[in-house]
Q: 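Questions regarding the structure given below will be posed in turn.
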Amino acid sequence: VAEAQTLVDYLPASSDARWSLVDAQIDARQFAAAEATLEMAVEDQRHVAGLRGARARIEKAKGNYTAALAEFDLAARDFPSNGWIQLGRADILRRLGNTAEALRIYESAYARHPHRLSLRSALASIYIYQRRFEDAVPLLTVKHPRTADEWRNFAQRGMLEAETGATVTA
């Protein structure tokens with residue numbers, strides 16, 4: 001947080017510096033400070049989606065999923081084609097049990113970006129919840145895992161196959 005605050009002090013007009021500070025405050029669970037930082041931000045049209053998205057992240061980190069969804073919905077109303085907002089909405093919808101709407105958003109994003117590991121993981125998670133194991137396994141396929149996320153998917157696929165016998169070659 002101190003490093004991010006220093007960046008804001010040096011570049012007070014930089015929205016990127018301010019978002020970095022908000023992210024650091026949220027990660028440090030300093031929710032009141034993150035909210036105060038957002039209140040100081042200039043609310044012009046360029047930053048409204050970011051402000052609402054950051055407020056949604058604060059509410060999500062607090063476990064207030066209904067409030068987080070309300071913030072994402074406001075942002076989506078103003079910026080319906082913003083992928084970051086839509087994926088944030090999908091995550092919260094999934095957590096609130098609205099898997100049908102979350103699945104629609106994730107499948108739409110996956111159709112455009114089939115190599116994004118986060119989308120593959122999110123889709124696989126919903127498919128597993130729906131007991132659609134044969135659809136989940138290919139999404140978790142990683143031929144040569146290198147990153148932590150790739151190893152997570154690799155391990156999750158192995159556990160799923162061991163539990164269900166749902167082997168799929170990809």
Side-chain angles (χ1 to χ4, degrees), residues 1-8 11 14-31 34 49-50 52-63 65 68-69 71-72 75-76 79 81-170:
V1 174
E3 183 178 315
Q5 181 62 57
T6 300
L7 184 59
V8 170
L11 303 168
S14 167
S15 61
D16 288 340
R18 193 161 306 280
W19 301 139
S20 293
L21 176 58
V22 170
D23 283 341
Q25 290 167 328
I26 292 170
D27 291 343
R29 304 195 62 75
Q30 297 175 2
F31 303 128
R52 289 181 177 148
R55 286 185 180 127
R57 286 193 60 232
I58 291 170
E59 295 302 331
K60 175 186 170 187
K62 289 179 180 179
Y65 299 136
L69 182 60
E71 290 290 349
F72 275 128
F79 303 92
S81 63
N82 183 302
W84 179 79
I85 292 169
Q86 292 300 328
L87 293 177
R89 283 186 72 243
D91 177 49
I92 298 299
L93 288 164
R94 181 184 57 81
R95 291 168 187 266
L96 289 171
N98 188 346
T99 56
E101 179 65 10
L103 184 60
R104 185 193 64 74
I105 293 168
Y106 283 134
E107 285 178 334
S108 174
Y110 179 71
R112 292 188 307 276
H113 307 284
H115 299 293
R116 284 192 57 191
L117 191 60
S118 61
L119 292 174
R120 295 169 67 91
S121 297
L123 271 175
S125 174
I126 292 176
Y127 289 154
I128 291 167
Y129 174 77
Q130 294 176 334
R131 307 198 58 75
R132 294 171 52 187
F133 304 125
E134 65 285 347
D135 293 328
V137 170
L139 292 169
L140 297 172
T141 299
V142 178
K143 291 187 189 283
H144 304 288
R146 292 180 302 276
T147 68
D149 287 338
E150 289 173 343
W151 276 106
R152 183 198 63 233
N153 278 21
F154 183 80
Q156 189 175 10
R157 176 186 171 165
M159 289 185 291
L160 182 61
E161 287 179 341
E163 185 69 27
T164 65
T167 41
V168 174
T169 56

Q: If every non-hydrogen atom of V1 is compared with every non-hydrogen atom of A24, which pair is closest and at what distance?
A: CG2-O, 3.6 Å

Q: OG1 of T147 to CG of L117: how many Å apart, nearest 0.5 Å?
A: 6.0 Å

Q: Can you list the residues that meet the side chain to side chain contact (heavy atoms under 4.5 Å, CB included) rule with A61, with sequence neighbours excluded?
A: I26, R29, F31

Q: Does the side chain of S121 come under 3.5 Å of the side chain of R152 through a donor N or O and an acceptor N or O?
A: yes

Q: Do W84 and Q86 come within less than 4.5 Å of each other through their side chains, counting heavy atoms only?
A: no

Q: Of all heavy-atom pairs between F72 and G53, which one has the smallest distance, and what is that distance?
A: CE2-CA, 4.2 Å

Q: Enumerate the salt bridge (charged side-chain N to carboxylate O under 4.0 Å, His left out) contacts for residues 84-99, please, sequence neighbours excluded, ordered by first and then second residue.
A: K60-D91, D73-R89, D91-R94, D91-R95

Q: For A54, enumerate each residue passing the side chain to side chain contact (heavy atoms under 4.5 Å, CB included) test, keeping only those at least two apart in sequence or located in another chain.
A: V22, L38

Q: Would R55 and E59 pass as an ion pair if we require N to O under 4.0 Å?
A: no

Q: Start with the C-alpha gap between L103 and L123, add the side-chain angles, then the distance that decides, and say whether side-chain contact (heavy atoms from CB on, under 4.5 Å) holds.
A: CA-CA 7 Å; L103 184 60; L123 271 175; 3.4 Å; yes

Q: By the salt bridge (charged side-chain N to carboxylate O under 4.0 Å, His left out) test, which pairs, at least two apart or in different chains, include something from residues 104-130?
A: E101-R104

Q: I'd like to check the side-chain hydrogen bond (donor to acceptor under 3.5 Å, both in side chains) partners of D27; sequence neighbours left out, ordered by chain and number.
A: none

Q: For Q25, check side-chain hydrogen bond (donor to acceptor under 3.5 Å, both in side chains) against everything at least two apart and list the hits.
A: T37

Q: Might you point out which heavy atoms bring A102 and A90 nearest each other, and give the distance in Å?
A: CB-O, 3.4 Å

Q: Tell me, please, which residues at least two apart from D135 pass side-chain hydrogen bond (donor to acceptor under 3.5 Å, both in side chains).
A: R132

Q: Yes or no on side-chain contact (heavy atoms from CB on, under 4.5 Å) for L139 and R157, after CA distance, side-chain angles and deciding distance?
A: CA-CA 9 Å; L139 292 169; R157 176 186 171 165; over 6 Å; no

Q: I'd like to check the side-chain hydrogen bond (donor to acceptor under 3.5 Å, both in side chains) partners of Q5; sequence neighbours left out, ordered by chain and number.
A: D9

Q: Residues two or more places apart in sequence or in another chain: which of them pass side chain to side chain contact (heavy atoms under 4.5 Å, CB included) with S20?
A: none

Q: List the residues meeting side chain to side chain contact (heavy atoms under 4.5 Å, CB included) with L7, not counting sequence neighbours, and say none if there are none.
A: L11, A17

Q: Does R146 offer a backbone N or O that forms a donor-acceptor pair with the side chain of E150 under 3.5 Å?
A: yes

Q: If you define the side chain from C-beta out and look only at heavy atoms, does anything of L87 sit under 4.5 Å from L119?
A: yes

Q: What closest approach, in Å, do L160 and A136 show between heavy atoms, and which atom pair accounts for it?
A: CD2-CB, 4.0 Å

